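Note sheet for the following structure.
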Amino acid sequence: GILCCDSVQNAVHNGRLFWGWGDTVLPGYPLGRFHMIGATTERQPLKTFVPPVRLRYDYLTDDSGTPRNVAEMPGKGPTWLSGYVSLPDKDGRTQLVASYAKIKPPLDVYEYGLCVWNEDQAVFEKIRSVWSKSEQTPRPPKMPEGHPVFWQDAAQQRWLLFGDPFPALKCSAIFEDWANPTTWQQLTPQSKVPVRDGEDQVQPHRGAIAWNTYLNKWVTVFTQHGGSTSLLGEIWYAESDAPTGPWKDAVKVVTHTDYTFYNPQLHAEWTSTDSPILLFEATYTKTFSGNSEATPRHDYNQVLYRLDLDDLPPR
């Protein structure tokens with residue numbers, strides 16, 4: 001019941017991998033779903049990584065069996081969610097949370113806020129608005145969005161880092177601190193990454209980071225802003241000894257000529273700790289590419305890639 005969908009979010013919650021997607025096109029319906037759809041899978045949903053890889057999602061559906069909206073926040077326009085994460089609260093319960101953005105045409109965010117998953121109703125509910133666009137507040141603050149990671153510092157403090165791709169905000173890894181903007185601490189993400197085999201530097205657009213036990217390093221995949229073959233179609237890999245950087249040794253691993261591949265997400269939890277395989281997906285679309293011809297049955301969909309770390313050029 002789905003033709004295509006935009007930009008994936010993930011979080012492990014109550015033993016399952018919880019999924020969310022943005023704007024979604026349905027067959028036989030003039031519009032679609034524009035307040036996020038959702039699904040769950042096992043934490044490691046693939047038994048083999050040999051193509052063709054076909055994930056089977058347990059979608060959250062309406063009475064007709066069609067994937068339904070799960071995040072209808074108040075206000076006009078679509079709702080986009082980001083920063084999915086499951087956190088313990090002071091009473092020991094786990095809470096699935098996210099940041100929301102309300103959108104007006106063409107792609108203008110006019111409100112940011114926080115929401116939490118209602119286990120009984122199986123929908124996200126608004127906690128609070130953090131920012132509304134006005135003459136007095138024309139620019140939003142940094143929000144807990146992107147693809148968050150947990151990190152324990154040298155003092156054994158457990159943090160939650162939010163970034164897209166590199167950390168731009170952190171808070172203690174508990175629900176009450178995430179829900180309280182006064183506890184958030186801003187970070188300065190790295191703006192460019194040195195290339196492994198030369199003196200050039202790459203400007204990231206969006207992406208994700210993860211700890212990789214096989215390399216004993218933090219790794220990232222991100223879309224390059226202003227690539228040589230497309231504005232937002234080239235994917236790079238890089239490494240760091242810490243999640244906050246410095247990130248270096250960037251290697252181009254995917255190219256889409258005159259096509260877009262944005263908002264990558266790493267699936268570090270799908271492979272064993274001794275595996276050299278890195279799995280990531282992103283949204284494949286002609287949007288922002290200048291290409292008038294769409295790839296049939298693939299445009300505006302998620303594409304999963306497998307990268308073998310042993311095949312990368314030497315440092």
Side-chain angles (χ1 to χ4, degrees), residues 7 9-12 80-88 95-101 109 111-115 127-131 133 137-195 201-212 215-226 235-250 262-266 268 280 282:
S7 297
Q9 283 281 314
N10 294 106
V12 176
W80 294 347
L81 299 191
S82 186
Y84 277 36
V85 65
S86 181
L87 293 171
Q95 306 274 8
L96 178 65
V97 300
S99 295
Y100 74 81
V109 178
E111 181 181 338
Y112 277 114
L114 305 177
C115 57
I127 296 177
R128 67 174 65 192
S129 173
V130 174
W131 170 83
K133 192 172 186 177
T137 56
R139 296 183 180 276
K142 289 183 179 180
M143 291 290 296
E145 55 187 355
H147 300 293
V149 296
F150 294 99
W151 174 60
Q152 187 167 286
D153 65 16
Q156 306 305 306
Q157 169 70 39
R158 192 166 186 254
W159 296 96
L160 191 56
L161 305 179
F162 291 89
D164 200 0
F166 306 138
L169 181 150
K170 73 175 184 178
C171 66
S172 296
I174 58 173
F175 171 78
E176 285 76 15
D177 280 1
W178 169 89
N180 182 2
T182 64
T183 71
W184 301 349
Q185 300 182 36
Q186 294 191 16
L187 304 172
T188 302
Q190 189 170 329
S191 61
K192 292 187 177 181
V193 183
V195 173
Q201 295 193 353
V202 184
Q203 180 181 349
H205 178 245
R206 289 179 176 171
I209 69 172
W211 172 253
N212 186 267
L215 294 179
N216 198 35
K217 289 181 177 292
W218 288 87
V219 298
T220 181
V221 291
F222 59 83
T223 301
Q224 180 183 4
H225 188 279
I235 301 294
W236 290 72
Y237 163 91
E239 301 170 352
S240 176
D241 292 326
T244 52
W247 293 90
K248 59 184 180 179
D249 291 330
Y262 61 45
N263 299 349
Q265 165 68 315
L266 276 166
F280 61 91

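Every value quoted in this text rests on a predicted model; they were computed, and no experiment measured them.
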Minimum heavy-atom distance between Lys133 and Val109, given as atom pair plus value: CD-O, 4.0 Å

Evaluation steps, side chain to side chain contact (heavy atoms under 4.5 Å, CB included), between Leu266 and Val221: CA-CA 7 Å; Leu266 276 166; Val221 291; 3.7 Å; yes

Donor-acceptor contact below 3.5 Å, side chain Asp249 vs main chain Ala238: no

Any Asn180 side-chain heavy atom under 4.5 Å of Cys171 side chain: no

Minimum-distance pair of heavy atoms, taken over all atoms of Tyr84 and Ala98: CD1-CB, 3.8 Å

Heavy-atom check, side chain of Trp236 versus side chain of Val193, under 4.5 Å: no

Min side-chain heavy-atom separation Pro144-Trp184 under 4.5 Å: yes

Heavy-atom check, side chain of His147 versus side chain of Gln9, under 4.5 Å: yes

Separation of Ile174 CD1 from Gln95 CD (nearest 0.5 Å): 12.0 Å

Heavy-atom check, side chain of Arg206 versus side chain of Thr223, under 4.5 Å: no

Nearest heavy atoms of Ser240 and Gly245, plus distance in Å: OG-CA, 3.3 Å

Side-chain touch Met143/Ser82, heavy atoms, less than 4.5 angstrom: no

Note, Thr183 side chain near Ser172 side chain (heavy atom, < 4.5 Å): no

Nearest atoms (heavy-atom pairs only) where Pro148 meets Gly83: CD-CA, 3.8 Å

Approximate separation, where rounding is to 0.5 Å, of Trp159 CH2 and Gln185 CD: 4.0 Å

Gln224 side, atom CD; Gln203 side, atom CD - distance, nearest 0.5 Å: 8.5 Å

Option from Tyr237, Phe166, Trp211 for which ring pair (Phe, Tyr, Trp, His ring centres under 6.0 Å) with Trp218 holds: Trp211

Smallest separation among heavy atoms of Lys217 and Glu239, with atom names: CD-OE1, 3.4 Å

Trp131 CH2 to Arg139 CZ distance, which is reported to the nearest 0.5 Å: 10.0 Å

Test item: Leu81 and Cys115 side chains (from C-beta on) under 4.5 Å apart, heavy atoms: yes

Nearest atoms (heavy-atom pairs only) where Ala208 meets Pro165: N-CB, 3.8 Å

Spacing of CD1 belonging to Ile127 relative to OG belonging to Ser99, to within rounding of 0.5 Å: 9.5 Å

Inter- and intrachain pairs under salt bridge (charged side-chain N to carboxylate O under 4.0 Å, His left out), touching residues 141-158, at least two apart: none

Under the ring pair (Phe, Tyr, Trp, His ring centres under 6.0 Å) test, residues paired with Tyr262 that sit two or more places apart: none

Nearest-0.5 Å distance that lies between atom OG1 in Thr220 and atom CH2 in Trp247: 5.0 Å

